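Data first, discussion second: the structure below is written as structure tokens.
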Amino acid sequence: MPIQQICTVVEKTWLSHDAVYMVLEAGDMVRQTFRGPGQFVHIKCGSSRLLRRPISVSACMEDSPEDLLSLVFESRGEGTEWLANRAVGDKLDVLGLLGNGFDVDWEGRYLLVGGGIGVPPLRGCAQCAQESDAILGFRSADKTLLIDEFRAECGSVQIATDDGSLGYHGFVDALVRKTLEQDRDYTAVLACGPKPMLKNVAKVAKEFGVPCQVSLEERMACGVGACLGCATPMADGTMKHVCKDGPVFRAEEVDWNA
Ligand SMILES: Cc1cc2nc3c(=O)[nH]c(=O)nc-3n(C[C@H](O)[C@H](O)[C@H](O)COP(=O)(O)OP(=O)(O)OC[C@H]3O[C@@H](n4cnc5c(N)ncnc54)[C@H](O)[C@@H]3O)c2cc1C
Ligand code: FES
């Protein structure tokens with residue numbers, strides 16, 4: 001059961017002109033509701049905004065006196081702009097931890113594939129597995145996030161940028177292909193990013209016979225499975241709630257043509 005908690009902002013840093021890194025003290029939320037990296041929190045962004053905003057947990061830890069959650073988010077619209085303007089010491093009304101995260105085994109070996117703001121949630125996967133390699137894609141060099149943290153936590157890190165300003169010039173799925181051509185001995189590919197990227201990564205993983213899990217994004221209302229705000233079509237013709245059944249799904253469950 002998710003819990004509602006008044007959390008204190010204990011750290012806040014701008015990572016780029018529109019991306020914020022924020023650490024929250026979250027009572028015993030991690031101890032009570034952690035089910036795997038890739039879960040998210042639903043944050044009330046100001047008293048005038050009725051709907052909360054979903055933000056993935058980038059990393060979290062049980063701590064004393066309070067558990068800690070780190071988030072990375074882009075200021076895109078009203079809600080996230082309000083959130084980006086909070087300062088250390090401010091309080092936030094947070095519902096969490098929500099959804100099902102990635103299925104990660106400490107003993108496993110994972111290929112983490114992130115695109116843009118989909119990169120931060122994979123940090124938790126790197127911390128939950130003994131061995132992982134990362135492929136991180138960004139629009140350009142000035143949009144990169146958490147590269148040093150992934151370098152510290154993964155065996156290898158490859159970077160791709162859309163404009164070629166850093167690392168490989170192109171999309172992450174091309175690097176996934178090159179990597180799996182040389183070594184397909186991964187427990188799974190874990191991917192988070194825009195849906196077209198996830199579709200391409202899932203296709204390459206399938207071609208090489210490596211299981212793939214993807215984290216989907218849908219606009220959300222309640223965040224707990226009580227409305228139809230986040231319903232998404234599945235390959236078997238059913239609809240699933242991204243908030244409650246996901247946001248992480250096995251790639252073969254998803255209807256990629258919807
Ligand atoms: C499970 C989940 C996890 C997420 N994790 C993160 C995260 O870790 N960091 C982060 O920066 N963002 C994340 N998002 C996206 C984030 O929730 C939206 O950017 C935010 O709700 C926008 O609210 P707003 O009021 O600022 O903007 P709005 O004024 O509501 O919209 C501004 C812009 O954001 C787009 N947008 C709104 N909602 C979404 C959405 N759900 N997905 C994609 N685009 C959206 C709109 O189309 C519009 O272009 C996540 C979304 C989901 C569903
Ligand atoms: S947002 Fe209400 S069911 Fe998912």
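Position 1 is the first residue of the sequence; numbering continues from there. Note that ligands are numbered from 1 as they come in the structure, with each ligand's atoms numbered from 1 the same way. Just so it is clear, the model here is predicted, and its values are computed rather than measured.
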Filtering Cys45, Pro54, Gly229 for the heavy atom nearest atom 16 (C) of ligand 1 leaves Pro54
Ignoring hydrogens, just give me the one of Thr80, Leu216, Val242 whose non-hydrogen atom is nearest atom 22 (C) of ligand 1.
Thr80
Test item: side-chain donor near acceptor, Asp133 and Ser156, under 3.5 Å:
yes
With heavy atoms only and a cut-off of under 4.0 Å, state how Met220 meets ligand 1: side chain, backbone, both or neither.
side chain
Apply salt bridge (Lys or Arg N to Asp or Glu O under 4.0 Å) to Lys206 and Glu252, showing your working.
CA-CA 9 Å; Lys206 187 175 176 193; Glu252 64 271 21; over 6 Å; no
Indicate yes or no: does an N/O atom of Gly77 lie under 3.5 Å from an N/O atom of ligand 1?
yes
When you measure from the centre of the six-membered ring of Tyr186, is the NZ or CZ of Arg109 under 6.0 Å away and within 45° of the axis?
yes
Verify the distance criterion only: is there a donor paired with an acceptor across the side chains of Lys91 and Thr8 at less than 3.5 Å?
yes
Min N/O separation Phe40 to ligand 1 under 3.5 Å:
no
Scan the side chains in residues 210-228 for donor-acceptor partners under 3.5 Å anywhere in the protein, sequence neighbours excluded, and list what turns up.
unit_1, atom_1, unit_2, atom_2, d
Gln213, OE1, Asp103, N, 2.8
Gln213, NE2, Asp103, O, 3.1

Ion pair Lys203/Asp173, N-O distance below 4.0 Å:
no
Side chains of Glu74 and Thr80, donor plus acceptor under 3.5 Å:
no
Near Glu218, which atoms of ligand 1 are under 4.0 Å from a heavy atom of that residue?
41 (N), 53 (C)
Per-atom filter on ligand 1: closer than 4.0 angstrom to a heavy atom of Phe73 are 9 (N), 10 (C), 11 (O)
Carboxylate-amine/guanidinium proximity below 4.0 Å for Arg76 and Glu81
no
Among Arg76, Arg219, Glu78, which residue places a heavy atom closest to atom 30 (O) of ligand 1?
Arg219
Residues Asp18 and Ser16: side-chain donor-acceptor under 3.5 angstrom
yes
Regarding ligand 1, does Val72 bring an N or O atom to under 3.5 Å of one of the ligand's N or O atoms?
yes
Looking at Asp67 and Arg31, is there a salt bridge between them, counting it only when a charged N and a carboxylate O are closer than 4.0 Å?
yes
Looking only at distances, please establish whether an N/O atom of ligand 1 is found under 3.5 Å from an N/O atom of Glu81.
no
Could you pull out the N/O/S protein atoms under 2.8 Å of atom 4 (Fe) of ligand 2, ignoring any water?
Cys230 SG, Cys243 SG
Can you name the closest pair of heavy atoms from Ala59 and Gln127 and give their distance?
CB-OE1, 3.4 Å
Sidechain N-carboxylate O distance under 4.0 Å for Glu153, Arg123
yes
For Arg53, the atoms of ligand 1 under 4.0 Å from one of its heavy atoms are 21 (O), 23 (O), 24 (P), 25 (O)
Looking only at non-hydrogen atoms, find the nearest pair between Ser58 and Leu146 and report the distance.
OG-CD1, 4.0 Å
Need the ligand 1 atom indices (1-based, order shown) with element for anything under 4.0 Å from a heavy-atom of Gly79.
24 (P), 25 (O), 26 (O)
Which of the ligand 1 atoms, numbered from 1, are nearer than 4.0 Å to a heavy atom of Ser56:
3 (C), 4 (C), 5 (N), 6 (C), 7 (C), 8 (O)
If we only count N/O pairs under 3.5 Å, is Ile117 in contact with ligand 1?
no
